[in-house]
Amino acid sequence: MARLLRAHGLAGEVFAALETSDPEVLFTAGRAFRLAGERPVGTEEELVLESARPHGGGWLLRFRGREDRDAAERLRGLEIALPDDELRPLAEDEFYLHELIGLEAWREGGDRIGPVRDVYEAGGRVLLGVEAEGRERLVPFRREIVTRVDREARRVWIDPPAGLLEL
């Protein structure tokens, strides 16, 4: 939903880069967000929004219990998302990008490549960060390359063009 980039000002606001098209609907006072991805030990599991306002291509968010710059700065680099029970139901062939993290990537034909460690969105494109041979390989999330996602088997099937996984 949003990546918390840096503290803003002295009153506990955090500048956030959005990954949603509905910020006015989702960023309402009192809404709880779960922290997505890795977070430092001791960081709470959810943040409750006190206020939100657009600012400079992103949004300034203030969370309950974060009243000063130091408290806001400790949120730097974290990602927030809605709790799973608030997400809209998906069709069978749909999924949320965060669901891809942790799936095992397999090459069409049967060879295991490695785990999906991250998902990146850049310039309107989505890339899977797949760990292969101890390095992260970026795999474009396009139907002709990522041929299927199997939630039950916790696998994503890839038909990479020659050389893609060697870059």
Side-chain angles (χ1 to χ4, degrees), residues 1-105 114-132 134-142 146 149 151-152 154-156:
M1 164 146 308
R3 182 177 299 269
L4 307 177
L5 299 180
R6 63 184 174 278
H8 180 85
L10 301 175
E13 287 183 309
V14 181
F15 182 77
L18 301 188
E19 297 170 7
T20 179
S21 58
D22 296 324
E24 293 85 5
V25 172
L26 298 174
F27 292 140
T28 57
R31 182 180 293 274
F33 293 93
R34 68 178 172 81
L35 290 173
E38 293 185 31
R39 61 183 185 273
V41 174
T43 305
E44 60 267 43
E45 299 216 2
E46 73 174 23
L47 295 171
V48 177
L49 191 65
E50 276 193 357
S51 66
R53 61 188 172 105
H55 178 79
W59 279 64
L60 293 178
L61 308 177
R62 181 174 316 169
F63 297 99
R64 188 173 298 151
R66 303 284 175 158
E67 282 86 26
D68 62 30
R69 184 177 184 84
D70 290 339
E73 188 62 34
R74 287 191 288 278
L75 298 174
R76 177 189 289 263
L78 298 178
E79 294 181 32
I80 59 170
L82 288 175
D84 289 342
D85 63 347
E86 289 190 43
L87 299 174
R88 75 169 174 81
L90 298 176
E92 191 167 316
D93 63 341
E94 291 182 311
F95 44 87
Y96 291 104
L97 293 178
H98 73 269
E99 293 179 303
L100 299 172
I101 297 172
L103 299 185
E104 291 291 322
V116 176
R117 295 287 188 207
D118 214 336
V119 176
Y120 304 99
E121 294 182 81
R125 297 188 179 174
V126 174
L127 300 169
L128 300 181
V130 176
E131 185 179 315
R135 289 185 43 215
E136 181 179 58
R137 312 299 176 150
L138 297 179
V139 176
F141 191 72
R142 298 175 37 191
V146 178
V149 175
R151 282 190 189 110
E152 264 185 48
R154 303 219 18 92
R155 290 185 180 178
V156 57

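Please read all numbers here as calculations on a predicted model, not as lab measurements.
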*With side chains defined as the heavy atoms from C-beta onward, is the minimum distance between L78 and L47 less than 4.5 Å?*
no
*Quickly, which of V146, V130, V139, V149 forms a side-chain contact (heavy atoms from CB on, under 4.5 Å) with V116? Name it, please.*
V130
*Any chance you could lay out the side chain to side chain contact (heavy atoms under 4.5 Å, CB included) test for I101 and D118, step after step, and finish with the verdict?*
CA-CA 6 Å; I101 297 172; D118 214 336; 4.1 Å; yes
*Do you know which two heavy atoms are closest between G30 and V48, and how far apart they sit?*
O-CG1, 3.8 Å
_Check: G12 main-chain N/O paired with R62 side-chain donor or acceptor under 3.5 Å_ = no
*Within a strict 4.5 Å, meaning less than it, do heavy atoms of the L4 and F63 side chains meet?*
yes
*asked:* Between the side chains of E13 and R53, is the shortest nitrogen-to-carboxylate-oxygen separation below 4.0 Å, so that they form an ion pair?
replied: yes
_R142 CZ: over 12 foreign heavy atoms closer than 6.0 Å_ = no
*Which atom pair, heavy atoms only, marks the closest approach of L49 to S51?*
CD1-O, 3.3 Å
*For the side chain of R69 and the backbone of G9, is there at least one donor-acceptor N/O pair under 3.5 Å apart?*
yes
*V14 side chain near L60 side chain, heavy-atom distance below 4.5 Å*: no
*Hey, do the aromatic rings of Y120 and F141 have their centres closer than 6.0 Å?*
no
*Under 4.5 Å between any side-chain heavy atoms of R154 and L103, yes or no?*
yes
*Could you pull out the closest heavy-atom pair between L5 and A17, with the gap in Å?*
CD1-CB, 3.8 Å
_Atom pair CZ (R34) and CD (E46), whose distance is rounded to the nearest 0.5 Å_ = 11.0 Å
_Can you tell me how the ring of H55 sits relative to the ring of F15, calling it parallel under 30°, perpendicular over 60° and tilted otherwise?_
perpendicular
*Under a 4.5 Å cut-off applied to non-hydrogen side-chain atoms, are L35 and I80 in contact?*
yes
*Test L127 against V119 for side chain to side chain contact (heavy atoms under 4.5 Å, CB included), laying out the working first.*
CA-CA 6 Å; L127 300 169; V119 176; over 6 Å; no
*Atom pair CD (E104) and CD (E131), whose distance is rounded to the nearest 0.5 Å*: 9.5 Å
_Salt-bridge contact E79-R3 (side-chain N to carboxylate O under 4.0 Å)_ = yes
*asked:* Between R125 and P140 (side chain of the first, backbone of the second, donor and acceptor by atom type, cut-off under 3.5 Å), is there such a pair?
replied: no
*Just wondering, do R74 and R66 contact through their side chains at under 4.5 Å, heavy atoms?*
yes
